[in-house]
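Encoded as C-alpha cells, the structure appears first; notes follow it.
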Amino acid sequence: MISYKYCQYYILCFVLVLTASISRGQTQVKTSSLYFEPPLVGKPYARVPGGVGTPFLSLRWTYGNIFLTNGDTVKNKIVNMDCAKNKLVYIANSNRMVALDLNFVKGFSVSTPEGLRVFKKEHSISLLGIDTAEVFLEILHEGNISAYALRRVQIGSNATKSADGVSVSQNVYTPYAIFYIQRKGEPYVQVKLKRKSLINAFPGEQETVKQLLKENHIRQINDEQALVKVISLLGARLKKDS
Amino acid sequence: MKNKFCAVVSLACFVSLAFLNLDSFADGNDREMTEKIILTTDRSVYIAGEDLFYNLFLMDSDKPAAYNSIGYILIRDYKGRIIGTSQIKISEGKANGAIYLSDTLKTGYYQVVSYTNYMRNAEEANYATKQIIVANRFDTEFSGLLLQNQLGNSNSSITGAPVSSATTMAQLADISEIRALTDQPVYKKRQKVVLTIDAGDMAGKPVNWVISVSEKNNYNEKGNTPVALQTGQAQTNTMVNHSPFYLAEDRYLEFSGRLINTQTGNAIPKGLLYMSSFDSIANFQYATTDSNGYFRFPLSDYYNGKDLFVKVAKPDKSEPFKIQFTPKFYVNAPFVPASFPIDSGLISYLVRSQNIVRVQKSFSQIDSRFESYKYPKYAQKVYFKSNYTISPSDYVELKDFVEIAREILPPYKIRRNDNRYVATMLNMDNRDYTKKEPITFVDGILTDDVNQIIQLGSADIKKIDLVNPDWIFGDIVMPGVLFIKTYKDLGKSLTLGRENYKLTAGNFFKAPNRTGPNYSIIPPGSREPDFRQLLYWNPSLRSKEKSTVVEFYTSDYEGIYDIRVTGMDSDGGLHSAKTLIEVVN
C-alpha cells in the first residue's frame with residue numbers, strides 16, 4: 001500500500017520527467033537552425049571621462065536586447081543609453097563602444113536588478129514639439145492608457161574642485177524624467193508628478209479621475225509608482241465605463 | 001520524512017537534467033534524422049516541354065513539420081546530370097511548385113529527388129525520390145527507354161531500385177477510409193465533373209488534400225504509384241554529420257562554402273569574406289571561416305534571384321586561395337533506373353501525348369515561365385543616411401572621378417602614386433584623413449579599389465554618398481564608405497579581381513494550380529482546342545469537412561482518367577483514394 005505522501009512524490013517525479021522529455025523533443029530544430037545575428041551598425045562612441053554622476057541611463061552596464069526596424073532582435077548585448085547625448089551604446093565583441101545608428105533601431109530592453117526595462121523609439125516632435133532627433137521612451141505601463149518616461153540627463157555647469165592645489169572643472173550630470181501618458185490612438189500628453197496635472201490630462205473625465213483617486217485613497221502622486229498605479233486603475237475604469 | 005522528500009526531488013531533477021542534456025551526453029552518436037519528405041507529382045509520364053508539378057509534405061518525427069523550411073527538388077537523368085531544379089518554401093509542413101522540363105530532353109528515365117538542407121546531414125537514402133519517364137517531343141523510336149531497360153536487366157551488378165519502394169496506394173488504403181466519388185462515371189467533352197472527397201472518420205480534422213486528374217497510362221498501372229508517395233525508405237536514418245553541418249533553413253537560406261589554399265589544399269581558417277549584390281543601395285554581409293575553412297552566409301529573401309558578389313578580404317592576394325561553394329542541388333548516389341516492360345500501350349500513349357503537346361505548344365497553352373514570389377525584403381543596408389550626398393548632374397560636367405573628388409567631394413581625396421590612384425577620406429569626427437581606402441560600392445557591388453571607378457565621370461554617375469570614416473558594421477570597421485549609383489548600371493561591368501566570385505542566388509517561383517478552363521463562362525463556340533491530359537491539379541486544398549467538393553471540366557480528349565486524391569491530416573496521417581472516369585464523344 002503506497003501512502004498518500006509517496007503518491008505525491010511519484011506524481012512530482014512523473015511531472016518533472018514528462019516536462020524534461022517534452023523539452024528535449026523541442027530542442028532539435030532550434031539547435032540546428034541557421035542562426036544569424038544581424039549586424040549592429042553605428043559609429044565609435046567616445047566616453048567623456050570623469051564628472052559627477054553619469055550621463056548613462058544606469059551606472060551598471062547590463063545585458064539587453066536591441067529591436068531593429070526590420071523586425072530582427074539582437075539579443076544579449078551589453079547596452080546602455082547616454083541620456084545626455086541621446087545615444088544608444090553597446091559594447092561590441094572587440095570591447096569597442098559603439099553608438100548605434102538609431103535609424104536601424106526600433107527599441108531596446110535592459111535587464112536590471114529591479115526588472116526588465118523596455119524602451120521604444122519615438123520622434124521628438126510628437127513629445128517635445130521640436131524636430132531634433134529620435135528619442136527613447138521607457139514603457140512604464142501599456143494598456144488603453146499608457147504611461148511613458150523620457151529619461152534625460154542634464155549636463156550642468158562645471159563644478160570646480162581642488163586637487164593638489166589645481167583647480168579642476170568637471171561635468172555634473174543631473175538625471176531627470178519627463179512623463180507622458182497616451183490613450184490609444186491619441187497623441188502624447190505630458191504630465192507632471194502632481195495630482196492636478198494628472199486630472200488636467202483627462203479634460204473629459206476629470207470627475208471620474210477625482211472619484212477614482214478618492215476611492216483608492218490616493219492623495220498625492222509623488223513618484224513613478226504612484227503614476228503607474230493611477231494610470232492602470234484609470235485605464236481599467238475607463239475601459240469598464242466604455 | 002523531509003530527507004526522503006529531498007532525495008526523491010533530487011533524483012527527479014537529475015533524471016530531468018539527464019533527459020534535457022541527452023544530446024550533449026551522446027555527442028550526437030545516436031542522433032537520428034527525424035525529417036522526412038513526402039513527394040507527390042501530378043503524373044509519372046511527361047513529354048519534354050511540359051511542366052512537372054509537385055507537392056511536398058515535410059514531416060518531423062512523423063508529424064507535419066511545425067516550422068518553416070526550404071525544400072529542394074531536382075530532376076536528374078540516368079547519368080546523374082541535373083536537368084531541372086526548383087526550391088520552394090515549406091510552410092506548415094507543405095509546399096508545391098513546378099519544374100519546366102526542357103524541350104531538348106532526351107527520351108528516358110529520370111529521377112525526381114527532394115530533400116531539405118537539414119536532411120543532407122543524413123544519408124541520401126533518406127531523400128524522397130520518384131522515377132518518371134520523359135519522352136522527347138520528336139522522338140519516334142523511344143530507344144532511350146529500351147536501352148536503359150535492357151541495361152537494368154542484363155547487368156547483374158546494377159540492381160535497379162524499385163520504382164516505388166515506399167508507401168504504396170494499397171498500403172495507404174489500409175489506413176485510409178476516405179473515398180473519392182464523382183457525380184457520374186462517364187462524361188462528355190467539356191462537361192463539368194463534380195468530385196466529392198468523403199473524409200469518413202477524418203471529418204473535423206484539418207487535411208491538406210492533393211488532387212490530380214490525368215489520363216490513365218500503362219506506366220502508372222505497372223507498379224508505379226500514380227501519386228508517388230515516396231517516403232524515402234531509409235536504410236538507416238542515422239546522421240552522417242553528428243553535429244549538423246547543414247543547418248535547418250527556417251528563416252534564411254544557407255549559402256556556404258570552403259576557403260582553401262590552392263597550393264597546399266589545406267583549409268584557410270579565420271578567413272574573411274564579404275558579400276554584396278547589385279542594387280541601388282549599399283548592401284553588405286561578411287563571414288569568417290572556421291578552423292576547417294568553412295563559412296556560411298544567411299540569405300534572406302532580399303537576395304532571391306540576385307547576383308551575389310563574394311570577395312575574399314582575408315587572406316590577402318599573396319596567399320593562393322580558392323572558394324569551393326557548397327552546391328544546393330547535389331546527389332552523389334547513382335541513379336539506376338528500375339526496369340520496366342515497354343509495351344505497345346505505353347508507346348501509343350507517348351505518341352498521343354507528343355501530338356497533344358505539339359498542339360498545346362502551338363497555342364501557347366503550356367507555361368514555361370513562372371512568376372516569382374514577392375516576399376517582404378529587407379536589405380542588409382550598410383548605412384541609413386549618408387553624411388554627404390551629391391548629384392553630379394547639379395554641377396558642371398566633370399570628366400572623371402579624380403575631377404569629381406577634387407571639385408565636388410571635398411572630404412574625399414584621390415592622389416596618384418606610381419601610376420595607381422589611392423583614395424582617402426576626411427574623418428568628420430577627428431578632422432583627420434584615414435590611412436586606409438574607404439570601402440567603395442558601385443551600384444551595390446563592393447569593388448576592389450578606387451582605380452576601378454576613376455573613369456566614371458558626371459555623365460555616368462547619378463548619385464554619390466559618403467559615410468563618415470570608422471563606420472562600424474557588426475565586427476567590421478570601415479574606413480569610410482563611398483557609394484556610387486550609376487545611370488547605366490555600370491557596376492555590373494566592373495572588372496573584378498580574382499579574389500572576387502560571382503554567383504546567382506536561387507529564387508522561389510509560384511506554380512499556379514491547373515484547374516482548367518471553366519466552360520460555364522466560356523462561349524460554346526470557342527474554337528481553341530483543349531486536349532488536356534492533366535484535367536485537374538490542385539495541391540493546395542485544405543478542408544476539415546466530411547465532404548469536400550471540387551469541380552472541373554473535361555477536355556476535348558477522350559479517354560479514361562485517373563482521379564487520385566492524397567491527403568495529410570494534422571497528425572501526420574496519410575490518406576489516399578482513387579477512382580476512374582471516362583470521357584466520351
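Residue numbers start from 1 in every chain, and the chains themselves are labelled A, B, ... in the order their sequence lines are given, proteins ahead of strands. Hydrogens, waters and symmetry mates play no part in the numbers below; they use all other heavy atoms, side chains included.
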- Item | Passing candidate, salt bridge (charged side-chain N to carboxylate O under 4.0 Å, His left out) with B/Glu249, options B/Lys328, B/Lys89, B/Arg120 | B/Lys328
- Query: What part of B/Phe473 lies closer than 4.5 angstrom to a heavy atom of chain A: side chain, backbone, both or neither?
  - Reply: both
- Query: Using non-hydrogen atoms only, which part of A/Tyr45 is less than 4.5 Å away from chain B: side chain, backbone, both, or neither?
  - Reply: neither
- Engaged part of B/Leu253 at the chain A interface, taking heavy atoms whose separation is under 4.5 Å: backbone
- Contact class of B/Val467 relative to chain A, heavy atoms under 4.5 angstrom: neither
- Item | Lys/Arg cation over aromatic A/Tyr90: A/Lys77, 6.0 Å, 45° cone | no
- Item | Flag, side chain of B/Gln285 to backbone of B/Pro298, donor-acceptor distance under 3.5 Å | yes
- Query: If you count heavy-atom pairs under 4.5 Å between each of A/Asn93, A/Asn70, A/Val74 and chain B, which one has the most?
  - Reply: A/Asn70
- Item | Electrostatic pair A/Arg96:B/Asp470 at N-O distance under 4.0 angstrom | no
- Message: I'd like to know if A/Arg47 pairs up with A/Asp82 as an ion pair, taking the criterion as any Lys NZ or Arg NE/NH1/NH2 lying under 4.0 Å from an Asp or Glu carboxylate oxygen.
- Response: no
- Query: Considering only heavy atoms, which portion of B/Phe284 lies under 4.5 Å from any heavy atom of chain A: side chain, backbone, both, or neither?
  - Reply: neither
- Is the charged tip of B/Arg296 near the ring of A/Phe36: under 6.0 Å from the six-membered ring centre and within 45° of its axis? no
- Indicate yes or no for a side-chain donor-acceptor contact from B/Ser69 to the backbone of B/Ile90 under 3.5 Å, with no hydrogens or angles considered. no
- Measure distances from B/Asn468 to the heavy atoms of chain A and classify the residue's part below 4.5 Å as side chain, backbone, both or neither. side chain
- Using non-hydrogen atoms and a 4.5 Å limit, figure out which bit of B/Asp475 sits close to chain A: side chain, backbone, both or neither. side chain
- Query: What residue in A/Pro44, A/Ala46, A/Pro38 has the most heavy-atom pairs under 4.5 Å with chain B?
  - Reply: A/Pro44
